[in-house]
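To keep things clear, I will list the structure first and then write my remarks on it.
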Amino acid sequence: MSAVAPRVRFSPAPTGYLHLGGARTALFNWMFARHEGGTFVLRIEDTDAALSRDELVDGIQRTLRWLGIDWDEGPHRQSQRADAYRAAASRLFAAGHAYFCDCSRDAVQARTTGESGYDGWCRDRGLAAGVLRFRAPDDGQTVVHDVVRGEVTFEHTTIEDFVVQRTDGSAVFLLANAVDDADMAITHVIRGEDLLPSTPKVLLIRRALGVDEVPVFAHLPLIVNEKRQKLSKRRDDVAVEEFRERGYLPEAMRNHLALLGWSPGDDREVMSIEDMVAEFELADVKASPAYFDVKKLDAINGEYIRALPVATFVRESLPWLETDPPWPPERFDLAVFEAVAPLVQERARTLAEVPATVDFLFLEEPVVDPVAWDKAIGRSPMAGALVDDAITAYRDCHWDTDELYRVTAEMAERHGLKLAKAQAPIRVAVTGRSVGPPLFESLHVLGRERTLERLQRARDCVPPSSS
RNA sequence: GGCCCCAUCGUCUAGUGGCCUAGGACACCACCCUCUCAAGGUGGCGACACGGGUUCGAAUCCCGUUGGGGCUGCCA
């Protein structure tokens with residue numbers, strides 16, 4: 001491609017959080033830059049005063065870092081480059097490429113034709129104030145060369161005289177975008193497909209400003225919801241921060257995002273970021289929209305969780321165990337959690353699932369799943385006898401996993417039951433649930449005393465007739 | 001309405017004219033393993049939107065139709 005190292009930018013509007021589409025766009029820009037040995041620029045598009053708040057920008061940076069996406073330049077703030085945009089606007093006006101317009105919103109509406117929008121009524125009125133509109137060419141066409149979409153042609157007759165500067169003198173994103181990409185020598189514009197229709201306008205501005213170079217464009221397919229619509233804040237869960245809070249690992253998030261619209265070309269899916277960077281090519285990006293499937297994210301996240309060193313898993317789980325836990329905080333015992341961590345790790349798809357898997361260890365009394373209780377104890381004719389036997393056997397046996405297994409298996413045999421059946425009431429009595437970590441390890445960690453207490457309590461609840 | 005984009009299993013995708021009776025992954029189902037649940041293993045279900053071309057040959061190229069989507073703001 002180009003002899004010079006590419007320069008790309010991720011230029012989000014600060015809306016208070018980083019959404020999935022933005023994260024994917026950032027990731028693709030970043031992977032491209034790293035693959036090509038180029039420069040990744042972070043630029044905040046906050047020309048709208050309402051968006052120009054520091055905390056909104058901080059959130060984006062924090063989330064990008066969480067995802068492992070770092071930048072080489074910036075963050076540049078468009079809110080701080082007003083002078084450059086004003087100068088550019090003046091040049092457009094002076095050269096006759098733009099004119100002022102004082103049409104009200106209603107007037108513009110009235111003058112909007114089906115084919116090409118605003119009809120340019122103010123073009124020759126010689127106004128000196130108002131919004132500044134770009135004088136779109138009346139004929140000809142602009143061709144956008146797009147790496148993922150090929151050549152896209154826009155007839156100039158379909159491009160209206162669009163606004164480049166607001167009444168208050170601030171630049172609209174089209175202008176700011178054109179000026180910044182030129183000033184920052186951006187070579188590849190990689191962004192969402194929703195920006196494709198605005199591309200000829202930006203190109204027109206650049207040309208009017210005397211910029212000859214044209215960046216390479218790559219319009220990425222949209223990420224859509226189950227109804228195949230562009231993800232929106234209102235109706236969809238789109239904040240990356242929220243996925244973080246739901247217990248997803250950044251590596252899994254990043255991996256899944258990378259697979260939306262791109263693949264390495266073979267059967268690999270779960271792969272390291274290094275491998276993704278090594279394989280990433282803009283030309284391999286697909287053109288069709290992709291649905292963000294949380295089920296698949298869950299599966300990928302589970303794989304990443306299982307691949308963690310146990311100590312890392314414990315550390316990553318801590319926020320979920322210490323912040324607003326389902327048990328009294330003082331009852332939590334890190335050593336106990338560490339003892340069962342490998343068993344929990346094997347089963348968790350998200351870190352958020354961890355507390356409920358181990359809550360029986362830290363609660364005075366376990367959370368009882370009524371359906372499980374009813375099935376394993378309430379309506380089980382053998383439950384009373386099994387629990388009685390367990391109490392007897394567990395009172396005197398060696399308190400270790402193998403021994404617990406052995407005496408329980410013996411007990412099952414005495415009753416002519418499979419161990420799977422025989423352990424059910426014990427599990428529910430002690431953990432409150434029918435599913436969970438392996439039972440005998442759980443009992444071992446819980447301790448004899450508390451195990452017996454819970455079994456006795458369950459025994460007291462069993463109707464006499466059932467024993 | 002106008003302009004533009006898109007179209008392979010339910011989903012994410014491989015496929016760039018013959019290797020395709022279309023491969024993988026997630027999800028789902030069955031079986032195996034097994035103290036529950038997971039994990040793992042095996043197998044199953046399941047797609048080239050439709051119609052015309054081009055070609056010896058089309059999921060792959062072209063045209064049309066249909067369907068979906070994006071844009072159409074003094075938001076970006």
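Below, chains carry the letters A, B, ... as their sequence lines are ordered, and counting in each starts from 1. Remember, predicted model here, so these are calculated numbers, not experimental data.
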Check: Once you round it to whole Å, what is the distance between C1' of B:C4 and CD of A:Glu151?
Finding: 15 Å

Notebook entry, point to check: At under 4.0 Å between heavy atoms, what does A:Thr153 touch on the DNA or RNA strands: base, sugar-phosphate, or nothing?
Noted result: sugar-phosphate

Item checked: P-based separation of B:C37 from B:C71 [nearest Å] -> 47 Å

Note to self: In the structure I gave you, are the side-chain heavy atoms of A:Thr401 and A:Pro438 within less than 4.5 Å of one another anywhere?
What the structure shows: no

Item checked: N-O pairing of A:Glu353 and A:Arg349 below 4.0 Å -> no

Margin query: Using a strict threshold of under 4.0 Å (side-chain N to carboxylate O), is an ion pair present between A:Asp374 and A:Arg379?
Written below: yes

Margin query: So that I can tick it off, tell me whether A:Arg133 and A:Glu160 are bridged by a salt bridge, with the cut-off set at under 4.0 angstrom between side-chain N and carboxylate O.
Written below: no

Margin query: Rounded to whole Å, how long is the line connecting atom CD of A:Gln141 with atom P of B:C4?
Written below: 11 Å

Margin query: Could you tell me the Watson-Crick or G-U partner of B:A49, where both distances fall under 3.5 Å? Say none if there is no partner.
Written below: B:U65

Item checked: A:Arg228 CZ - B:G10 P separation (whole Å) -> 12 Å

Next item on the list: Determine the interatomic distance between C1' on B:U21 and the same-named atom on B:C31; round to the nearest Å.
Entry: 26 Å

Margin query: If you compare every side-chain N and O of A:Lys230 against the phosphate oxygens of B:C71 (OP1, OP2), does one of them come in below 4.0 Å?
Written below: yes

Notebook entry, point to check: Given the P atoms of B:U13 and B:U8, what is the spacing between them in whole Å?
Noted result: 9 Å

Notebook entry, point to check: In whole angstroms, how far is the C1' atom of B:U13 from the OH atom of A:Tyr291?
Noted result: 16 Å

Next item on the list: Go ahead and name the base partner of B:U21; Watson-Crick or wobble counts if both distances stay under 3.5 Å, otherwise write none.
Entry: none

Check: NZ of A:Lys201 versus P of B:A76: gap in Å, rounded?
Finding: 13 Å

Next item on the list: Answer yes or no: does a side-chain N or O of A:Thr158 lie under 4.0 Å from OP1 or OP2 of B:G2?
Entry: no

Check: Does OP1 or OP2 of B:C37 have a side-chain N or O of A:Thr357 closer than 4.0 Å?
Finding: no

Checklist line | base_contact_polar (B:A25 base, A:Lys296 side chain, donor-acceptor, <3.5 Å) | finding: yes

For nucleotides 39-41 of chain B, which of its nitrogen or oxygen atoms have a protein nitrogen or oxygen under 3.5 Å away, and what is each distance?
{"unit_1": "B:A39", "atom_1": "O4'", "unit_2": "A:Glu346", "atom_2": "OE2", "d": "3.4"}
{"unit_1": "B:A39", "atom_1": "O3'", "unit_2": "A:Arg306", "atom_2": "NH1", "d": "3.3"}
{"unit_1": "B:A39", "atom_1": "O2'", "unit_2": "A:Glu346", "atom_2": "OE2", "d": "3.1"}

Item checked: From A:Leu18 atom CG to A:Phe243 atom CZ, the distance as rounded to the nearest 0.5 Å -> 11.5 Å

Notebook entry, point to check: Is A:Val131 touching bases, backbone alone, or none of the nucleic acid, heavy atoms closer than 4.0 Å?
Noted result: base

Margin query: Taking only the C1' atom of each, what is the distance from B:C9 to B:C20 in whole angstrom?
Written below: 15 Å

Next item on the list: Mind calculating the distance between CZ (A:Phe162) and P (B:C74) to the nearest angstrom?
Entry: 12 Å

Next item on the list: Using the C1' atom as the reference point in each nucleotide, state the distance between B:A58 and B:C50 in Å, no decimals.
Entry: 16 Å

Next item on the list: Write down the distance separating the C1' atoms in B:A38 and B:C32, rounded off to the nearest Å.
Entry: 16 Å

Notebook entry, point to check: Can you tell me if the side-chain N/O atoms of A:Arg149 get under 4.0 Å from OP1 or OP2 in B:A7?
Noted result: no

Margin query: So A:Ile300, base contact, sugar-phosphate only, or nothing? Heavy-atom distance under 4.0 Å.
Written below: nothing

Notebook entry, point to check: Mind checking who B:C3 pairs with, Watson-Crick or G-U wobble, both distances under 3.5 Å?
Noted result: B:G70

Note to self: I'd like to know whether the aromatic ring centres of A:Phe28 and A:Phe280 sit less than 6.0 Å apart in this structure.
What the structure shows: yes

Checklist line | Any donor-acceptor N/O pair under 3.5 Å between B:G68 base and A:Gln229 side chain | finding: no

Margin query: Could you identify the nucleotide paired to B:A27, looking across every strand shown and requiring Watson-Crick or G-U wobble geometry with both distances under 3.5 Å?
Written below: none

Next item on the list: Could you measure between the two C1' atoms, the one in B:C45 and the one in B:A25, and give it in whole Å?
Entry: 16 Å

Notebook entry, point to check: Can you check ring-ring contact (aromatic ring centres under 6.0 Å, His included) on A:Phe292 and A:His256, steps first, answer last?
Noted result: CA-CA 9 Å; A:Phe292 187 88; A:His256 186 234; 4.8 Å; yes

Note to self: With a 6.0 Å cut-off on the ring centroids, do A:Phe217 and A:His188 count as close?
What the structure shows: no

Report, one pair per line, the protein and nucleotides 31-36 of chain B atoms (nitrogen or oxygen only) whose separation is under 3.5 Å.
{"unit_1": "B:C35", "atom_1": "OP1", "unit_2": "A:Tyr405", "atom_2": "OH", "d": "2.9"}
{"unit_1": "B:C35", "atom_1": "O2'", "unit_2": "A:Gln423", "atom_2": "OE1", "d": "3.4"}
{"unit_1": "B:C35", "atom_1": "O2'", "unit_2": "A:Gln423", "atom_2": "NE2", "d": "3.3"}
{"unit_1": "B:C35", "atom_1": "O2", "unit_2": "A:Leu439", "atom_2": "N", "d": "3.4"}
{"unit_1": "B:C35", "atom_1": "N4", "unit_2": "A:Glu441", "atom_2": "OE1", "d": "3.3"}
{"unit_1": "B:U36", "atom_1": "O4'", "unit_2": "A:Gln423", "atom_2": "NE2", "d": "3.1"}
{"unit_1": "B:U36", "atom_1": "O2'", "unit_2": "A:Ser434", "atom_2": "O", "d": "2.9"}
{"unit_1": "B:U36", "atom_1": "N1", "unit_2": "A:Arg427", "atom_2": "NH2", "d": "3.2"}
{"unit_1": "B:U36", "atom_1": "O2", "unit_2": "A:Gly436", "atom_2": "N", "d": "2.9"}
{"unit_1": "B:U36", "atom_1": "O2", "unit_2": "A:Gly436", "atom_2": "O", "d": "3.2"}
{"unit_1": "B:U36", "atom_1": "N3", "unit_2": "A:Arg427", "atom_2": "NH2", "d": "3.2"}
{"unit_1": "B:U36", "atom_1": "N3", "unit_2": "A:Gly436", "atom_2": "O", "d": "2.6"}
{"unit_1": "B:U36", "atom_1": "O4", "unit_2": "A:Arg347", "atom_2": "NH2", "d": "3.3"}
{"unit_1": "B:U36", "atom_1": "O4", "unit_2": "A:Pro438", "atom_2": "N", "d": "3.0"}

Notebook entry, point to check: Rounded to the Å, how far apart are A:Asn301 CG and B:A27 P?
Noted result: 13 Å

Next item on the list: Go ahead and name the base partner of B:U16; Watson-Crick or wobble counts if both distances stay under 3.5 Å, otherwise write none.
Entry: none

Next item on the list: Please identify each residue that fulfils ring-ring contact (aromatic ring centres under 6.0 Å, His included) with A:Phe93, with sequence neighbours left out.
Entry: A:Phe100

Next item on the list: State whether the number of non-hydrogen atoms from other residues, nucleotides or ligands found under 6.0 Å of A:Glu413 atom CD is greater than 12.
Entry: no

Note to self: Give me the distance, rounded to whole Å, that separates B:C12 from B:C48 when you measure between the P atoms they each carry.
What the structure shows: 16 Å

Next item on the list: Please say whether the positively charged group of A:Arg433, taken as NZ for Lys or CZ for Arg, lies over the ring of A:Phe360, i.e. under 6.0 angstrom from the six-membered ring centre and within 45 degrees of the axis.
Entry: no

Check: In the strands shown, is B:A76 matched to any nucleotide by a Watson-Crick or G-U wobble pair with both distances under 3.5 Å, and which?
Finding: none

Margin query: Can you measure A:Asp298 atom CG to B:U11 atom C1' for me and round it to whole angstrom units?
Written below: 13 Å

